[in-house]
Amino acid sequence: MTLIERYVAAWNETDADARAKAVAELWTEDATYTDPLADVAGHEGIAAVIAGAQGMFPGMVFSAGEVYDAHQDLARFTWHLGPEGEEPVVVGFDVVKLAEDGRIRQVFGFLDKVPS
């Protein structure tokens, strides 16, 4: 499974225990996540942001967008959030910095499309 597939799967995980496990496998212990709505650190903070997004958009799913690019320890990609198989309600663009073990150390998120 690619980084973006694992990332999207973590954001779609609705079971709290399984989500915590996915976050721990994908992010370093001291990882940070920053976007216009959140600025958190650590596994618990990241899992809480994911749970919050799911609460704000119940029944919607995250999916990979069209853009993916990586070099050295950096990757950037777009993602969508919306009803499965339909036009996304939210479109985002994330930049991640990876640790030496391949897990995510930092996420910088941008929201390109949000509901009005």
Side-chain angles (χ1 to χ4, degrees):
M1 193 180 288
T2 67
L3 174 72
I4 184 68
E5 290 169 335
R6 293 171 59 213
Y7 188 83
V8 167
W11 281 86
N12 284 326
E13 183 53 66
T14 56
D15 178 80
D17 291 335
R19 182 173 49 247
K21 183 178 184 224
V23 167
E25 290 174 354
L26 190 55
W27 278 271
T28 61
E29 291 79 7
D30 61 346
T32 59
Y33 177 90
T34 305
D35 72 15
L37 306 174
D39 187 9
V40 299
H43 292 163
E44 287 184 19
I46 293 166
V49 168
I50 293 171
Q54 292 174 354
M56 285 175 47
F57 298 97
M60 296 194 187
V61 294
F62 287 88
S63 60
E66 301 80 23
V67 175
Y68 180 84
D69 190 21
H71 65 81
Q72 297 164 29
D73 62 350
L74 299 171
R76 65 182 179 134
F77 52 86
T78 54
W79 52 265
H80 298 161
L81 174 65
E84 193 162 1
E86 296 182 28
E87 182 74 21
V89 182
V90 181
V91 175
F93 184 97
D94 287 1
V95 176
V96 300
K97 182 170 179 65
L98 303 175
E100 288 182 14
D101 66 3
R103 291 188 297 163
I104 297 171
R105 174 168 288 153
Q106 292 178 295
V107 177
F108 301 99
F110 298 85
L111 301 174
D112 296 326
K113 175 184 173 185
V114 295
S116 49

Shortest non-hydrogen contact between [X] and [Y], atoms and distance:
X: Leu26; Y: Tyr7; result: CD2-CA, 3.5 Å
X: Thr34; Y: Asp39; result: OG1-OD1, 3.0 Å
X: Gln54; Y: Glu13; result: NE2-O, 2.9 Å

Would you say [Y] ends up clustered with [X] if hydrophobic residues are merged whenever their side chains have heavy atoms under 4.5 Å apart, either directly or through other cluster members?
X: Val91; Y: Val49; result: no
X: Val8; Y: Met56; result: yes
X: Phe93; Y: Ile4; result: no
X: Leu74; Y: Val96; result: no
X: Ile46; Y: Leu37; result: yes

What is the distance from atom [atom1] of [X] to atom [atom2] of [Y], rounded to the nearest 0.5 Å?
X: Glu100; Y: Thr28; atom1: CD; atom2: OG1; answer: 11.5 Å
X: Thr14; Y: Ile50; atom1: OG1; atom2: CD1; answer: 12.0 Å
X: His43; Y: Lys21; atom1: NE2; atom2: NZ; answer: 13.5 Å

Next on the checklist: Suppose we screen for side-chain contact (heavy atoms from CB on, under 4.5 Å). Which residues come up paired with Ala70, at least two apart in sequence or across chains?
Outcome noted: Tyr68, Ala75
Next on the checklist: Once side-chain contact (heavy atoms from CB on, under 4.5 Å) is applied, do any residues pair with Glu84, and if so which ones, sequence neighbours excluded?
Outcome noted: Val61
Checklist entry - Taking it one step at a time, do Glu66 and His80 satisfy side chain to side chain contact (heavy atoms under 4.5 Å, CB included)? => result CA-CA 9 Å; Glu66 301 80 23; His80 298 161; 3.1 Å; yes
Give the table of side-chain donor-acceptor pairs shorter than 3.5 Å for residues 104-115, with sequence neighbours excluded, one pair per line with atom names and distance.
unit_1: Lys113; atom_1: NZ; unit_2: Pro88; atom_2: O; d: 2.7

Checklist entry - With sequence neighbours left out, which residue pairs that include part of residues 44-65 fulfil the ring-ring contact (aromatic ring centres under 6.0 Å, His included) condition? => result Trp11-Phe62, Phe62-Trp79
Item to check | Counterpart residues, side-chain hydrogen bond (donor to acceptor under 3.5 Å, both in side chains), relative to Ser63 (two or more places apart) | outcome: none
Next on the checklist: The criterion is side-chain hydrogen bond (donor to acceptor under 3.5 Å, both in side chains); which residues satisfy it with Glu29, sequence neighbours excluded?
Outcome noted: Arg103
